[in-house]
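The structure appears below as structure tokens.
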Amino acid sequence: MRIDFKALAAWGVVGVLATVGAACTGAPAAGVADAAAAVDSGGEDAGADTAASVADAAPTDGAVGDVAAEDTGAEDTREVDTVEHDTVDADSAAPDTAEPPPVAFPEAELLLRILTPGGHGTASVSGSVTRLGGVLFGGADSVTWDLGSQGGAVEAGTFWETGPIALAEGDNVVTVTARRGAEVATDRVVVTYAPGFRFERGLRARPRAVWVGEPTQVVFTLSEALLADGQSVVLARADASGVVVEPVGAMVDDGETDASGDELGGDGVRTRRVAITCDGPGPRYFRAGVAAAWASDTAWSPLVRVDCLEHLTVEDCEAHRAVLAAAEQALADGDDVASVVEVLRQAPSVEAAGASPGASGGVWLQFRDGVLGALLNGPAGTRGAGGDEPVAWAESVPRVQSRRASVLAPFLSELGATDDGPRVVAALEEASCAVFAPPEGVLANAGASLAAFRGLSERGLVSVSTHGDALFGGLESSGGAERYGWHHDGAQEVLWTGSPVRCERLVQEPYACTVAPGASSGDCPSGLRCEVTAGELGGGGAGVCVDDTQADLRRGRVVMTNRGYAVTPAFFERYRGEGYPNSLVNLGACRSFYNGSLASELYASGARAVTGFTGVVDSAWARDRVVALFTGLTEGGAVGRGYSAAEDPHHPGTWWRLFGARDLDASGFGVVNGDFEAGALAGWAGEGDRRGVSRFAGSTPPGGKRMGLVSTGLGFTDESGALSQRFCIPPGTVQVSFYWRFISSEFLRWCGTNYQDRFTVVLEGEEERVTLVDARVDDLCPPFAGECAACPALEMACDLVCMGEPGCEATAARDGASCVGTYPCMCGRFYVGLDAATATGLGPDGAGFQTPWIHAVKSVARLAGQGPVTLRVFVTDIGDQVYDTAVLIDDLELR
């Protein structure tokens, strides 16, 4: 997995962004340089300096693998694909004909971001030499890297890469610095070198925040495909520099949910539950150590951080709102921005305050307790305007790895016909293969909540139409970026959500929760999430209610404003989950591409194409750009089909820009993540107990490192699992092929009884349903086991091709898979053998037995080219909730 920087240069590929220097004014900005497209030999010359643009994309040889995973400081397992550029075509929807100036990135501020080998501050490698690569926005006079006595220069291009960097065993802190005149931008990564072992997913913790004075159980997990059974793993506490302070204890994979906190025995996930009590605010650091059989030393994972936070009291929250309301009223009464900022700076509760760049009218402030505030105050008719707080309202090219989409319109009731949300949904619904159409339609107004924004990392297509601004520039002088963990010292591009500020919902005391059927939220108070830390055999889990919003306010991820809650780039880093599945993310807001702080964060988190506006943008003009993008996307599959770089004629200097892979394949044809290698369950919808695992019950994937699992309810979940995916079968497709393995505690004792857990895989078209697998316990039992011994003696089992058909011939003389006739007994119809399973937690008598891997091949020719189909994979618990069944599935493909 790698960013091929050399290929980017060879293809003339440059990610094109633009900015407005001091734009966001609603009027022409003097002396403003914007972005232009660098073109390859087959492209259209947009007036850019081609030689200079190619130099921007020409790093050194030998790129390294990309890593970044969950919000734990662990590395990312998602591949960073080729970054394509945008060409500037004539804009048929607007009268402007100006060409963008020849600059291939935003230049409002100098911004540098490391992407490889880790995009979020840490990385793990198994080799003694690595290279760093990333992006640079703003242009630089020089770029250098430093590691102790080592260092070197880097070619200052939009995409850059260092030369070879020699690593010492353990942690290596590498800093990259860009300079443009007196302006400096830096980023750093801690590269952990462990000879012979690479942490692909890293250590994780839940919950990630602990309130001061409240004892909290925190569960640490480590899931690594390279871990061997019985290999020793220890959890340790460390300091901020990574030095191990003390061991905490062994991490186990025993399935003792109540004792150790390990959810599922034999799944390759090591667990340690720790009681943490914070006596004051600040971070705590932990890391996992793996005892390597080939060496005497321990391989240590990158750090994971647990934040100790003080509650934001309801009284303080209301006081902050009063400060914002007074400043908003002063602006409404005609006070200028500068005087309002100066008054805010004198307020006893305010640490710092400032205005957004240019003359957009935006104001930001930092309260002394660290909470951030902002005032939205842009020109009317733009996506940066003020108003009332929101209220509730009644494979050679990169490929999007999820067919799930979200369209968010936090201010639909205000923007009305100029909001692109409804028309984007209509375009997705009218596509020839309408698999991206979100079933919930537009998430509008309060429906575009913080919770909805937190779930965006599961979506392949994301479109947000909202207000935005670039704020907190200047906060770096007081250490703001370091305090909040921001990657950029300058202004932060901020997006407004539909969540109103509700101080009364900030919890001040701990709440326990229990997840059970019909209570998936654990009965937490409104706005809180149940984080399960313990459970019992048979499913169900207990834990603590987590106030994500309060933690986000304390950590600078969420901003309190006069128009509800807004989010900074750090919010998308925290909630990146397994990583965006090669997503297209449209940021339809003012200044969403002011300096690239949002685009670089989303790209580092797995998105592969990001669109947005460089300055204040007219709402109706923005709508037309976005609708054209998604209409072209649904007609042709490639992201760039409906995109053309253009300048807002109402606000000269504001440009519509795309950064990333213009050839990103967003078509609806074929299965995505059928091998379960792209994140845990990227591309798959589902419910109940479903997960991606590297091993289970002694089984490893038939191919690759991961496989899917659905069960009748294991660990913390007592609801039967289901997976589904909607796609179109390409014309000419003949078969679907996949592997499955049935593991049950109902083998062998309960063969021939009423206890009949069932596994089913079906393809459902609009007019036809094809059953691919339909197997009950008795179908797979030996004909001599349990009550099945009463069945007549059989000559042979049914051919697996007959599965899901009306019957089968059970005679040795049968020629081929003739799915006719009547099988004399349900027992053993598809018996292919059973082996002892080694998992725990399936039942009170042990794990039971498992089939071999079974290769299913079925004809799907009659569904090919016939419109969307839905693949459903599910298990059914029949007869009891004590003896459980799990089914593994892998390598699902059309051919």
Side-chain angles (χ1 to χ4, degrees), residues 209 211-214 281 307-333 335 340-354 362-377 386-393 410-411 445-446 448-451 453-454 467 469 471-472 475 480 483-484 494-511 524-529 545-568 571:
W211 301 108
V212 171
E214 296 179 7
D307 287 310
C308 294
L309 303 173
E310 291 183 321
H311 283 295
L312 174 61
T313 67
V314 173
E315 294 75 16
D316 285 346
C317 177
E318 293 292 1
H320 293 345
R321 293 191 68 187
V323 170
L324 292 169
E328 182 181 33
Q329 186 61 52
L331 290 170
D333 291 342
D335 291 3
V340 170
V341 168
E342 187 57 35
V343 171
L344 285 172
R345 288 173 176 166
Q346 305 306 314
S349 64
V350 175
E351 179 73 24
V363 174
W364 62 265
L365 61 157
Q366 179 192 40
F367 293 101
R368 294 193 183 277
D369 59 9
V371 173
L372 299 176
L375 294 171
L376 194 61
N377 186 45
D388 296 329
E389 184 170 307
V391 295
W393 194 56
F411 296 92
N445 302 318
S449 62
L450 281 170
F453 273 79
R454 290 185 181 110
H467 293 303
D469 206 342
L471 304 171
F472 308 111
L475 192 59
R483 176 174 186 172
Y484 301 114
V494 175
L495 300 178
W496 265 254
T497 76
S499 286
V501 176
R502 294 289 183 261
C503 294
E504 70 278 6
R505 292 188 178 179
L506 301 176
V507 300
Q508 305 300 311
E509 59 187 49
Y511 285 89
C524 288
S526 177
L528 272 63
R529 172 178 56 85
C545 296
V546 176
D547 188 346
D548 289 317
T549 299
Q550 190 173 171
D552 290 337
L553 284 166
R554 284 296 195 192
R555 293 289 296 135
R557 299 185 288 254
V558 166
V559 182
M560 185 185 300
T561 86
N562 61 323
R563 304 217 57 196
Y565 288 126
V567 295
T568 66
F571 178 92

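Predicted model only: the values in this text are computed from it and were never measured. These numbers come from the heavy atoms of this one structure, side chains and all, not from hydrogens, waters or symmetry mates.
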Which word best sums up how the rings of Trp211 and His311 line up, parallel for under 30°, tilted for 30 to 60°, or perpendicular for over 60°?
parallel
Please state whether the rings of Trp364 and Phe472 are parallel, tilted or perpendicular, taking 30° and 60° as the class boundaries.
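Rings of Trp364 and Phe472: tilted, 30 to 60°.
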Enter the distance from His467:NE2 to Leu495:CG here, rounded to the nearest 0.5 Å.
12.0 Å
Leu528 CG to Arg505 CZ distance, which is reported to the nearest 0.5 Å
10.0 Å
When you measure from the side chain of [X] to the backbone of [Y], do you find a donor-acceptor pair of N or O atoms at a distance under 3.5 Å?
| X | Y | answer |
| --- | --- | --- |
| Thr561 | Ala566 | no |
| Arg554 | Gly370 | no |
| Arg345 | Ala353 | yes |
| Asn377 | Glu328 | no |
| Thr497 | Tyr565 | yes |
| Gln550 | Val507 | yes |

Non-hydrogen side-chain atoms of [X] and [Y] separated by less than 4.5 Å:
| X | Y | answer |
| --- | --- | --- |
| Phe571 | Arg454 | yes |
| Leu324 | Leu365 | yes |
| Asp369 | Glu351 | no |
| Leu372 | Leu475 | yes |
| Cys503 | His320 | no |

Mind listing the closest non-hydrogen atom pair of [X] and [Y] along with its distance?
| X | Y | value |
| --- | --- | --- |
| Gly564 | Trp496 | O-NE1, 4.3 Å |
| Gly362 | Asp469 | CA-OD2, 3.5 Å |
| Ala330 | Val340 | CB-CG2, 4.0 Å |
| Pro410 | Gly498 | CB-N, 3.5 Å |
| Met560 | Leu312 | CE-CD2, 4.5 Å |
| Asp552 | Arg557 | OD1-NE, 2.7 Å |

Could you walk me through whether Leu450 and Asp548 pass the side-chain contact (heavy atoms from CB on, under 4.5 Å) test, one step at a time?
CA-CA 9 Å; Leu450 281 170; Asp548 289 317; over 6 Å; no
Working note: Cys317 + Val501, criterion side-chain contact (heavy atoms from CB on, under 4.5 Å); need CA distance, chi angles, decisive distance, verdict.
CA-CA 9 Å; Cys317 177; Val501 176; 4.3 Å; yes
Quiz question: by atom type and distance under 3.5 Å, do the side chains of Thr568 and Arg555 form a donor-acceptor pair?
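Not at all, the side chains of Thr568 and Arg555 share no donor-acceptor pair under 3.5 Å.
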Could you walk me through whether Val559 and Leu471 pass the side-chain contact (heavy atoms from CB on, under 4.5 Å) test, one step at a time?
CA-CA 10 Å; Val559 182; Leu471 304 171; 5.7 Å; no
